[in-house]
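Inspection log for the structure reproduced underneath, given as structure tokens.
It should be emphasised that the depicted structure is a prediction, and the values quoted were computed from it without experimental measurement.
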Amino acid sequence: MAGDNPYLAHLPPHQRGVGPSNAAAKEPLYGFMPRKVKGEQVRKAMEQDINPFTKQPLSAQYKKILEVRKKLPVYAKMDEFFQMFSENQIIVMVGETGSGKTTQIPQFVAYSDLPHTRGKLVACTQPRRVAAMSVAKRVADEMDVQLGRQVGYSIRFEDMTEPGTTFLKYMTDGMLLREAMNDPDLTRYSTIILDEAHERTLATDILMGLLKSLAKRRSDLKIIVMSATLDALKFQKYFGLATDTAAPLFKVPGRTHPVEVFYTQEPEPDYVEAAIRTVLMIHRAEEPGDILLFLTGEEEIEDACRKIKLEADDLVNQDPDSVGPLMCIPLYSSLPPSQQQRIFDPPPTARTPDGPPGRKVVVSTNIAETSLTIDGIVYVVDPGFSKQKVYNPRIRVESLLVSPISKASAQQRAGRAGRTRPGKCFRLYTEKDFMSELEEQTYPEILRSNLSNTVLELVKLGIKDLVRFDYVDAPAPETLMRALELLNYLAALDDEGNLTPLGAIMAEFPLDPQLSKLLIVSPEFKCSNEMLTITSMMSVPNVWIRPANQRREADAAKQMLTVPDGDHLTLLNVYNQYVLNKHDKNWAWTNYLSQRALMQADNVRAQLQRTMEKFDVDLVSLSDERKLYINIRQALVCGFFMQVAHKEGEKGNYLTVKDNQVVALHPSCGLDSQPEWVIFNEFVLTTRPYIRTVSDVKAEWLLDYATNYFDVASFPDGETKRALQRVVNKRAGKAAARLDGGSREGSADPRDKKKRKKQ
DNA sequence: GAGCACTGC
């Protein structure tokens, strides 16, 4: 009887019906017992004329899409899924590309959970925003609902959900982590699906740890971990709730075309040269079909494109009857979207009606491995390298290094050749190297990152013992120690590692802790409006554009906007000028600035401002610009006192404080002199160690605003310590002299000696 | 006298 089903109880009596036959006619989900639903019931419900979730008639479009859905590999395994879902709290699922897991599994779960009947949601996380948006749109169409109503998405800057109505929500993994910080039990959700878990993003890794422990507290919460690779066993073991048991595996085959893989006989000494040679060989000898070549970065890609073009033109000239035209398109993230769109252009047509057909070559960074899919690719050239982030906790430096890719990554790259028809993948390394030298999986991000932000989040989440937190892969203890040390110096954590009230507010900002600290102290320096701008500018990609053929013009334009006291002030100036020029695209263009980055900064600034207002951090400014600029640099010390360098000798060398790394000012630095003390935002390791985004600071400020860190006694011996000691002595002498009644004030302040340089 | 791989809040 309808009355027996608690999940119909919310319906008004006329919808509940009076008896089984009547109820079945009016209630499409009649007889559905939550989490005891069977595939047969769901298939039947899908075939009805009424949308079970909205009670509206289903459209013709719905039926058309349903026919397509039925052909997905995951659809055929529906019964198995529902059985496993009913019987287990945690499931690990493996579905290769084309299985339909991302679109179908969350819908299956909705049919079983019936979240709409009890005010709950089903969440499905994605590592990337575009994926969350586009999948949500597709699923809304499949379910015949309007995007943002029953099915929605939530990403930074955009919440496309309707509270009380949305019951299926796609979201970025970072967004769910944010939610967990304010609701550690994630009470709104009945089931949480972590998609693309094999990518092992920092946020997904932390979520896996949280959900594993949350599963013990919330027996009503179900968890599905979805992954594309065969390394599911690791997740199964990790999520086995009792010792020695593994979480069950739900496996669905993919649906792609076969890709034939070729290896080189010998290792290639120069992979770029070998890659170019291979592309031209394919163009000469292989059947029509586009080529995707993976290289590591912008410069390498632009260079390879030039060479491929030159050589292809030569080939065509030599042998116009058998070699068709070749079009070479670069692809990397910092290209403007209009340029990125070029990858979808059709290949060039044959030069004569019955001449050899044209071909398209896309030369791309890793962006084409996961984020962007190009149809029509039949050949993949894989030299086996990519730029990867590595973190060295000893010197607290994150850097990008060209490194060999993993087997999983090589497989993913090869797969890009088989999306539309059978393809070929040319690996520019030997099969032996593939088997024995490449790691199985790319190192998870948590092992390659500075974790100061993550540690603050974990503490805010109530994780007491960070070292013993149940990580899928535990970071190096030294990395955790470095993070704890920084957070303690910033006063976000007390000496026992507990969150301070300051730390609690810092954790609310989507920023590195140094930056959130800056924002919170900035009202004391009467520069919070300005710090808000500087912080925003530091959280977006580089705003400076420097085209290879217009470097001089670009540098001149930059010089006009430069504030010689520090790059931080230059960033402030750039943003202010952008606003003064009414966010004009042309102004940005003529000044060699990235309009896209400036718009992002605007967006970030608005979001940070809302957070500041929420926590009553005053928004203030000083009208005296000279004083303001000094105050800003003083406030910078409060966040970045651990990133200070001291000048050594006259060769432009600096030593980082305490770590004693020899560094140089980055050539992009706008300082017009070499100040004795500088504060820097970034340490980059390229042709040599550089510090980037640098400002001039005074030793006195270091002593005054970072007293704990600049405790001279605790410094390692060296020139830096002696320089600091001189300042301390001078001050002590001054104080003593003042006590004696004598006054030599003014001359002791280096600020007065130094000529003011104002633009 | 260099270079932002790629995401995310």
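When rounded to the nearest whole Å, the span between CZ of A:Phe385 and P of B:dC6 equals 18 Å. Spacing between atom CD of A:Glu445 and atom C1' of B:dA5 amounts to 12 Å, rounded to whole angstrom units. Rounded to whole Å, atom P of B:dC6 lies 8 Å from atom CD1 of A:Ile301. Taking atom CD1 on A:Ile446 and atom P on B:dG8, their separation rounds to 19 Å, with Å as the unit. Distance A:Leu401 CG to B:dA5 P: 13 Å, rounded to the nearest Å. Between the CD1 atom of A:Ile691 and the P atom of B:dG1 there is a distance of 16 Å, given to the nearest Å. In this structure, A:Tyr443 atom OH and B:dT7 atom C1' are separated by 21 Å, rounded to whole Å. A straight line from CG of A:Asp173 to P of B:dC9 spans 8 Å, rounded to a whole angstrom.
Near DNA chain B, defined here as any heavy-atom distance below 4.0 Å, there are no residues from residues 206-213 of chain A. Looking at residues 328-342 of chain A, you'll see A:Tyr332, A:Ser333 sit with a heavy atom under 4.0 Å from some atom of DNA chain B.
With contacts defined as side-chain heavy-atom distances shorter than 4.5 Å, the pair A:Ser539/A:Leu511 qualifies.
Here the side chain of A:Ile367 is nearest to one of B:dC9, B:dT7, B:dA5, namely B:dT7. Minimum atom distance to the side chain of A:Arg546 is reached by B:dA2, of the listed B:dA5, B:dA2, B:dC9. Distances from the side chain of A:Arg129 to the nucleotides B:dG8, B:dA5, B:dA2 place B:dG8 closest. Out of B:dC9, B:dA5, B:dA2, the shortest distance to the side chain of A:Thr365 is found at B:dA5. In this structure, of B:dA2, B:dC9, B:dT7, it is B:dT7 that holds the atom nearest to the side chain of A:Ser371. Listed nucleotides B:dC9, B:dA5, B:dA2 differ in distance to A:Met175; the shortest reach to its side chain belongs to B:dC9. Closest to the side chain of A:Arg128, out of B:dG8, B:dC6, B:dG1, is B:dG8. Residue A:Tyr690 places its side chain closer to B:dA2 than to any other of B:dC9, B:dA5, B:dA2.
As judged by a 4.0 angstrom heavy-atom cut-off over every strand, A:Pro541 is placed among the base-contacting residues. Residue-level contact check: A:Phe509 touches neither bases nor backbone, having no heavy atom under 4.0 Å from any strand. Within the nucleic acid shown, A:Glu299 comes within 4.0 Å of at least one base atom, counting heavy atoms only. A:Thr172 comes within 4.0 angstrom of the backbone, heavy atoms only, and of no base. A:Arg692 comes within 4.0 angstrom of the backbone, heavy atoms only, and of no base. Counting non-hydrogen atoms under 4.0 angstrom, A:Arg551 reaches a base of the nucleic acid. In this structure, A:Thr370 reaches neither bases nor backbone, as no heavy-atom distance under 4.0 Å exists between it and the strands shown. Note on A:Leu202: nothing from the nucleic acid sits closer than 4.0 angstrom, heavy atoms only.
Look at A:Arg178 and you won't find any side-chain N or O under 4.0 angstrom from OP1 or OP2 of B:dG8.
Relative orientation of the A:Phe434 and A:Tyr429 rings is parallel, given thresholds of 30° and 60° on the angle between their planes.
Contacts of A:Tyr578 classified as ring-ring contact (aromatic ring centres under 6.0 Å, His included), with partners at least two apart in sequence or in another chain: A:His583. With sequence neighbours left out, A:Arg129 forms a side chain to side chain donor-acceptor pair (under 3.5 Å) with no residue at all. Scored by the side chain to side chain donor-acceptor pair (under 3.5 Å) test, A:Gln550 finds A:Tyr592 as partners (sequence neighbours excluded). With sequence neighbours excluded, no residue forms a ring-ring contact (aromatic ring centres under 6.0 Å, His included) with A:Tyr391. Taking A:Arg413 as the reference, A:Glu369, A:Asp382 meet the salt bridge (Lys or Arg N to Asp or Glu O under 4.0 Å) condition, with sequence neighbours excluded. Residues passing the salt bridge (Lys or Arg N to Asp or Glu O under 4.0 Å) test with A:Glu457, sequence neighbours excluded: A:Arg178.
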Identify all side-chain donor-acceptor contacts of residues 202-213 of chain A below 3.5 Å with residues at least two apart in sequence or on another chain.
| unit_1 | atom_1 | unit_2 | atom_2 | d |
| --- | --- | --- | --- | --- |
| A:Thr204 | OG1 | A:Asp173 | OD2 | 2.9 |
| A:Thr204 | OG1 | A:Thr201 | OG1 | 3.0 |
| A:Asp205 | OD1 | A:Arg200 | NE | 2.6 |
| A:Asp205 | OD2 | A:Arg200 | NH2 | 2.9 |
| A:Lys212 | NZ | A:Tyr238 | O | 2.8 |
| A:Lys212 | NZ | A:Asp470 | OD2 | 2.8 |
| A:Ser213 | OG | A:Leu210 | O | 3.4 |

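Dense packing is recorded around OH of A:Tyr471, with more than 12 heavy atoms of other residues, nucleotides or ligands lying under 6.0 Å away.
The nearest heavy atom of DNA chain B to A:Asn366 and to A:Leu511 marks one nucleotide each, and the one closer to the 5' end goes with A:Asn366. Where A:Leu400 and A:Asp512 meet DNA chain B, the nucleotide closest to each residue was compared, and A:Leu400 sits on the side nearer the 5' end.
You'll find the ring centres of A:Tyr271 and A:Phe385 inside the 6.0 Å limit.
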